[in-house]
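Data first, discussion second: the structure below is written as structure tokens.
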2 protein chains.
Amino acid sequence: MSLATDAADKTTLYKRIRADIEKRILTGEWPPGHRIPFEHELVARYGCSRMTVNKALSELAQADLIERRRRAGSFVRRPQHLSAVLKIADIRAEIIALGRSYGYELIGRKLRAATAADRDRLGVKKAGKVVAITCRHSADNVPFAVEDRLIDLSSVPNAATADFSREPPGSWLLHHVPWTEAEHTISAIAADERTAEALDIAVGAPCLVIDRYTWRSARTITAVRLLYPGDSHRLVARFKGG
Amino acid sequence: MSLATDAADKTTLYKRIRADIEKRILTGEWPPGHRIPFEHELVARYGCSRMTVNKALSELAQADLIERRRRAGSFVRRPQHLSAVLKIADIRAEIIALGRSYGYELIGRKLRAATAADRDRLGVKKAGKVVAITCRHSADNVPFAVEDRLIDLSSVPNAATADFSREPPGSWLLHHVPWTEAEHTISAIAADERTAEALDIAVGAPCLVIDRYTWRSARTITAVRLLYPGDSHRLVARFKGG
DNA sequence: CACGATTATATGTCTAGACATTTAAGTCAA
DNA sequence: TTGACTTAAATGTCTAGACATATAATCGTG
């Protein structure tokens, strides 16, 4: 009863060890650079085997909260202050999650041999055919975002015959192309005439832009630009660590 | 020699098992929903103990690539399509990393009892004193971003006497307040007169806005708004999974 | 004092078991 | 057919060891 390790916890031991240490780090009790107890000390404190504390410490190391150095010990890491988890949902799912009615409208669809500009945008040397799609998403009948997308048909041949007049291409791809990697670039631009009309905002009004480039094991799949009215849309990112 | 498990790898076994499985998932060979081999099957395939394959699978589960269900097995997860890792560096570090010269200028600093607006912005019920800071960051002598910050002195008393005329508050906080959590909100707005002047852009020009709210174990630390000229700054987020 | 060799130590990985827990699937009766 | 009970299979956690490996600290030597 003398140690802080009594109490019939319902959780498992290694999780409790991990939580104990995480708490001390997050509260600042153990600041960056602080050496946390050696494995054998934790073994003694918690009365368990080394594998158990090792599992706890390994997970903390994986989460970048601590750094482990052979012979020296484990140390609280200096916070990175540079990585945050950004949630970018499928637009349809996002609007529905907000409790608003989702509307979708296909503005244009073209199937063509890739032009030089297309190849440049997709980041490929040579491409066969591509589908170019322009569409608009709305929430409660108010324009929410316009989408301008290019799909590489050599990677996703099915997209040639998909019916994008009913289903938004983002949702379609999500269900037909598993496990991709992507890169997002976020910026702000002034609405040009075409955008202003589609979003029902003034020409020159600020828009939030997300450019997403998606590939799967080195094969380009799609490049998309999403334009949101700047005053109505927000991206939220959360993170831990400095 | 018959299995794909020979070869004197320099890496450890559990990492190889993890990499093998990850590769099959990422290439689509094992699509979402696919049941990956049972632990005892992998034990047989790799000729190791169960703890070793368990470690590999546990890490894949932690990375959300697979889902483990008792009695049923382990399954490739459907990609989330909503979490991306966004890198938001300290501005000074970011500019220096770009190989450009960093410039900093303190525009205003006020120490005051928290007003209602301050409390609202910091998300606290009652607050004693706060420091309000306005400053400008520049790269190669061109305005890069303007910063508008509020620091809760009841959480960071040292900030009252820190010299923010030389060191940017973001960098100062990074070195004086360890292990925080934060939430970022990204949006786009039109530059108002004050912002336009500070950034040397036209009034009404689009700006990328990052609002960051930082706390540490339930204590608010700082709230900051960063305004970047929309045409010059980009945020890049990378992710894996759908 | 400087520098190279040695040693001690903490972590990294692994084993061959064990028991607990969850739950899919099968069994049987109403 | 349905619902309750049983069973078995897979994962979850844990142990008490083992050897490997990197490296901080020490010791010797020039």
Side-chain angles (χ1 to χ4, degrees), chain A residues 3-22 24-25 30 32-78, chain B residues 3-22 24-25 30 32-78:
Chain A
L3 297 169
T5 59
D6 52 323
D9 279 314
K10 54 181 172 291
T11 183
T12 58
L13 182 52
Y14 93 87
K15 281 181 181 165
R16 190 153 61 88
I17 298 173
R18 171 158 63 69
D20 283 357
I21 295 169
E22 191 168 334
R24 295 201 208 226
I25 293 173
W30 287 348
H34 177 91
R35 207 211 76 222
I36 74 173
F38 295 130
E39 290 190 352
H40 66 83
E41 294 175 311
L42 293 169
V43 162
R45 184 194 310 282
Y46 288 95
C48 62
S49 80
R50 192 166 79 90
M51 278 300 283
T52 302
V53 312
N54 183 281
K55 182 162 186 172
L57 295 182
S58 293
E59 289 194 2
L60 288 170
Q62 236 188 308
D64 273 342
L65 245 79
I66 66 171
E67 183 187 353
R68 314 200 72 198
R69 292 208 300 271
R70 280 173 142 118
R71 169 67 210 249
S74 302
F75 301 83
V76 177
R77 284 195 59 144
R78 182 168 309 284
Chain B
L3 296 170
T5 60
D6 50 322
D9 279 312
K10 55 181 170 291
T11 184
T12 59
L13 182 52
Y14 92 88
K15 280 182 183 166
R16 192 154 59 88
I17 298 173
R18 172 159 63 68
D20 282 358
I21 295 169
E22 191 169 334
R24 296 201 207 225
I25 293 173
W30 288 348
H34 177 90
R35 208 210 75 224
I36 74 173
F38 295 128
E39 290 191 351
H40 66 83
E41 293 175 310
L42 292 168
V43 162
R45 185 195 310 280
Y46 289 94
C48 62
S49 80
R50 191 165 79 89
M51 277 301 282
T52 301
V53 311
N54 183 282
K55 182 162 185 171
L57 295 183
S58 293
E59 289 194 2
L60 288 170
Q62 236 188 309
D64 272 341
L65 246 78
I66 66 171
E67 184 186 351
R68 314 201 71 198
R69 289 208 301 272
R70 280 173 144 120
R71 170 67 210 250
S74 302
F75 301 84
V76 177
R77 284 194 59 144
R78 181 171 309 284

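- If you measure from atom CZ of Phe75(B) to atom C1' of dT11(D), you get 11 Å, rounded to the nearest angstrom.
- Between Cys48(B) and Val53(B) the shortest heavy-atom distance is SG-CG1, 3.6 Å.
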Which atoms of nucleotides 6-10 of chain D (N or O only) lie under 3.5 Å from a protein N or O atom, and what are those distances?
unit_1	atom_1	unit_2	atom_2	d
dA8(D)	N3	Arg71(B)	NH1	3.0

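- Scanning both residues, Leu57(A) and Ser74(A), for their nearest heavy atoms gives CD1-OG, 4.4 Å.
- Not a single salt bridge (Lys or Arg N to Asp or Glu O under 4.0 Å) links Arg78(A) to another residue, sequence neighbours left out.
- When the side chain to side chain donor-acceptor pair (under 3.5 Å) test is applied to Glu41(A), the partners found at least two apart in sequence or on another chain are Arg35(A).
- Considering only residues two or more places apart in sequence or on other chains, Glu39(A) meets the salt bridge (Lys or Arg N to Asp or Glu O under 4.0 Å) condition with Arg50(A), Arg68(A).
- Every ring pair (Phe, Tyr, Trp, His ring centres under 6.0 Å) that Phe38(B) has, sequence neighbours left out, goes to His40(B).
- Residues meeting the side chain to side chain contact (heavy atoms under 4.5 Å, CB included) test with Arg71(A), sequence neighbours left out: none.
- Remark: His34(B) engages Trp30(B), Pro31(B), Ile36(B), Val76(B) in a side chain to side chain contact (heavy atoms under 4.5 Å, CB included) (not counting sequence neighbours).
- For the side chain to side chain contact (heavy atoms under 4.5 Å, CB included) test, no residue two or more places apart in sequence or in another chain qualifies with Ala19(A).
- Atom-to-atom, CZ of Arg50(A) to P of dA20(D) comes out at 14 Å; the value is rounded to the nearest Å.
- Between chain A and DNA chain C, the heavy-atom contact criterion of under 4.0 Å yields a 5' to 3' nucleotide range of dA8(C) to dC14(C).
- Taking Arg70(B) as the reference, nothing meets the side chain to side chain contact (heavy atoms under 4.5 Å, CB included) condition, with sequence neighbours excluded.
- Proximity of residues 51-58 of chain B to DNA chain D (heavy atom under 4.0 angstrom from any strand atom) is restricted to Met51(B), Asn54(B).
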